[in-house]
S.K.: 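Handing you a structure now.
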There are 2 protein chains.
Amino acid sequence: MKIEILTKSENREIQNEIIAKIRDLMNYKNLEPGDKLPSERQLSERFGVSRTNVREAIQKLEFYGILKSKPQSGTFVADIGQVAMNGMMEDILRLEEPDFKSLVETRILLELKTVRLAAQRRTEEDLKQMKMALEAYSQKVNNGEDAVQEDLLFHLAIAKASGNSTMNTFMLIITPEIITNFEKYHVCDKGMAFMGIQEHQDIYDAIEAQDPQLAKKKMKVHFKALYQYCYNI
Amino acid sequence: MKIEILTKSENREIQNEIIAKIRDLMNYKNLEPGDKLPSERQLSERFGVSRTNVREAIQKLEFYGILKSKPQSGTFVADIGQVAMNGMMEDILRLEEPDFKSLVETRILLELKTVRLAAQRRTEEDLKQMKMALEAYSQKVNNGEDAVQEDLLFHLAIAKASGNSTMNTFMLIITPEIITNFEKYHVCDKGMAFMGIQEHQDIYDAIEAQDPQLAKKKMKVHFKALYQYCYNI
DNA sequence: CAAACCAATCTGGTTAACCAATTTTTTGAA
DNA sequence: TTCAAAAAATTGGTTAACCAGATTGGTTTG
């Protein structure tokens with residue numbers, strides 16, 4: 001177990017080293033937006049690492065929009081400029097694993113917005129999806145079962161109804177970690193789950209009635225216990 | 001050029017197909033949290049695709065926290081349960097590329113929060129970093145040069161000072177796309193850039209004075225032009 | 001002399017063989 | 001029959017060879 005973690009962090013360390021080397025090379029060669037990087041083979045040889053490692057590092061930088069690979073052509077510097085590139089590289093290298101508190105803080109921020117947007121933009125199809133998630137949640141709770149997953153699915157349905165694909169993606173990214181931690185620390189006990197049914201229903205009604213302010217208010221009520229928990233750790 | 005886009009989307013399509021097949025398999029075999037998936041080789045053979053494709057699909061699901069690979073052991077279902085798993089898979093498969101409007105909307109939401117948090121939590125080191133970014137921006141503008149990158153770096157410095165690693169990560173994810181679009185549509189022309197210097201200074205002062213509400217207010221002023229632009233497309 | 005063409009080369013992507021660690025099975029002595 | 005030890009099979013990760021398409025530089029041709 002410990003070894004697995006070690007190798008993982010080792011792997012991450014290697015990848016960060018390669019990213020740093022790519023950054024230095026780009027600065028040394030004074031590469032500008034649109035310029036071509038040396039080929040993956042050359043990079044792997046120059047850095048003394050495997051081509052797979054180089055590819056993974058490039059893919060990570062591609063994810064953050066700094067590089068762009070074109071098949072059978074090469075890897076190119078994106079149109080963000082050297083200054084921004086260096087600043088972002090620095091941040092990417094220093095990025096730490098998100099802690100639970102920052103996840104909850106971000107979730108609350110996102111959801112207080114998505115619920116308002118959903119109230120404004122929801123379609124009939126969105127309502128249908130939310131209602132299904134809501135009913136699945138009620139049923140589980142009434143059967144006395146754990147319903148953390150159904151809870152989150154209702155919230156994801158709201159995120160989808162918000163019509164903002166970026167926020168939807170971000171919600172998807174943080175949800176698994178939230179679920180894991182909730183089930184680990186038993187954030188949602190039985191009493192809270194029962195209250196949750198009515199709270200969910202209130203949120204749904206506000207969205208259906210297309211009342212953004214009410215929807216936000218009801219979401220705040222729903223998060224009240226969460227706030228308390230989060231700041232009591 | 002078009003071909004490249006085609007192959008990219010083709011590739012994405014293949015990956016989504018594999019993800020869907022993995023989902024179906026997990027449902028068929030009734031896999032629960034902690035259970036082991038068939039090996040990558042078996043999956044690639046069963047699905048009739050290369051092992052690389054399978055690995056990439058697994059890595060994507062790992063990114064979203066649904067699977068977890070352990071070296072020399074196997075790939076396991078994360079602790080989020082079947083219901084949440086199916087719901088998230090559905091969302092992941094239907095995820096569309098984020099549009100510019102949703103990016104700006106999300107950026108404004110994030111920054112109005114990070115600037116408040118930064119005002120509360122900023123360290124002396126954070127202030128130093130922000131001041132450097134601010135000065136780099138002023139210098140570029142005063143030289144009549146384009147300063148979109150320096151602008152964004154100042155905002156990233158705020159995100160870092162917020163002490164919320166999740167929001168910091170999310171800002172990093174959306175920044176390159178923002179820069180590209182800003183430079184493409186010339187959102188920041190010369191006049192706005194000059195105004196921007198004072199606006200940045202105001203934000204900095206509010207953060208230094210540890211006044212969250214003032215910081216938020218000044219950030220709103222800074223975003224005013226952006227709001228107008230965004231909703232006039 | 002310029003434009004069209006073609007083959008050698010270089011590219012990222014893909015496939016297959018290999019590795020070290022782990023897990024399962026076999027084995028043989030107690 | 002039991003159970004520890006060893007060997008065989010299985011795993012995700014890594015490396016190296018291979019592929020098809022793009023690039024390039026020289027050659028040919030009008």
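Every heavy atom of this structure was used, including side-chain atoms; hydrogens, water molecules and symmetry mates were not. Reminder, nothing fancy here: chain letters follow the sequence lines and each chain counts from 1. These numbers were taken from a predicted model, which means no experiment stands behind them.
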S.K.: Need one value for B:Gln42: base, sugar-phosphate or nothing, where a base atom within 4.0 Å counts as base even if backbone is also close, heavy atoms only.
M.R.: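 The residue B:Gln42 makes sugar-phosphate contact but no base contact.
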S.K.: Could one point to a donor on the side chain of A:Gln72 or the base of D:dG21 with an acceptor on the other under 3.5 Å away?
M.R.: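 There is none.
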S.K.: Using heavy atoms to find the nearest nucleotide of DNA chain D for A:Val49 and B:Ser73 separately, return the residue whose nucleotide is more 5′.
M.R.: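 Checking each residue's closest nucleotide, the 5'-ward one belongs to B:Ser73.
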S.K.: Under 3.5 Å, is there any donor-acceptor pair linking the side chain of A:Arg41 to the base of C:dG13?
M.R.: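 Donor-acceptor pair under 3.5 Å: yes.
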S.K.: Does the pair B:Glu90/B:Arg23 count as a salt bridge with the N-to-O cut at 4.0 Å?
M.R.: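 Salt bridge flag = yes for B:Arg23 with B:Glu90.
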S.K.: Going by heavy atoms closer than 4.0 Å, what residues in residues 31-38 of chain A are next to DNA chain C?
M.R.: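 None, since no heavy atom is under 4.0 Å.
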S.K.: Salt-bridge test for B:Glu45 and B:Arg41: reply yes if a basic N is under 4.0 Å from a carboxylate O, no otherwise.
M.R.: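 No, no charged N to carboxylate O under 4.0 Å.
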S.K.: So, B:Phe154 versus B:Tyr137, ring centres under 6.0 angstrom or not?
M.R.: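 Not close enough - the centres of the two rings lie 6.0 Å or further apart.
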S.K.: Is there side-chain contact between B:Asp146 and B:Lys140, with at least one heavy-atom pair below 4.5 Å?
M.R.: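 No, too far: nothing below the 4.5 Å cut-off.
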S.K.: Whether A:Arg46 and A:Glu40 form a salt bridge (side-chain N of Lys/Arg under 4.0 Å from carboxylate O of Asp/Glu) is what I want to check.
M.R.: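 Salt bridge absent between A:Glu40 and A:Arg46.
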S.K.: Out of D:dT15, D:dG12, C:dT15, which has the shortest distance to the side chain of B:Arg51?
M.R.: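 Comparing D:dT15, D:dG12, C:dT15 against the side chain of B:Arg51, the answer is D:dG12.
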S.K.: Any donor-acceptor pair, under 3.5 Å, between the side chain of A:Arg55 and the base of C:dG12, if you only look at N and O atoms?
M.R.: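 Such a pair does not exist between side chain and base.
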S.K.: Tell me which nucleotide among C:dG12, C:dT15, D:dT23 gets nearest to the side chain of A:Ser39.
M.R.: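 Between C:dG12, C:dT15, D:dT23, the one nearest the side chain of A:Ser39 would be C:dG12.
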S.K.: ring-ring contact (aromatic ring centres under 6.0 Å, His included) with A:Phe63: which residues, sequence neighbours excluded?
M.R.: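 Result, ring-ring contact (aromatic ring centres under 6.0 Å, His included) vs A:Phe63: B:Phe63.
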S.K.: Let's see if you can work this out: which of D:dA22, C:dT15, C:dG12 has an atom nearest to the side-chain heavy atoms of A:Glu40?
M.R.: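 Nucleotide nearest to A:Glu40's side chain: C:dG12.
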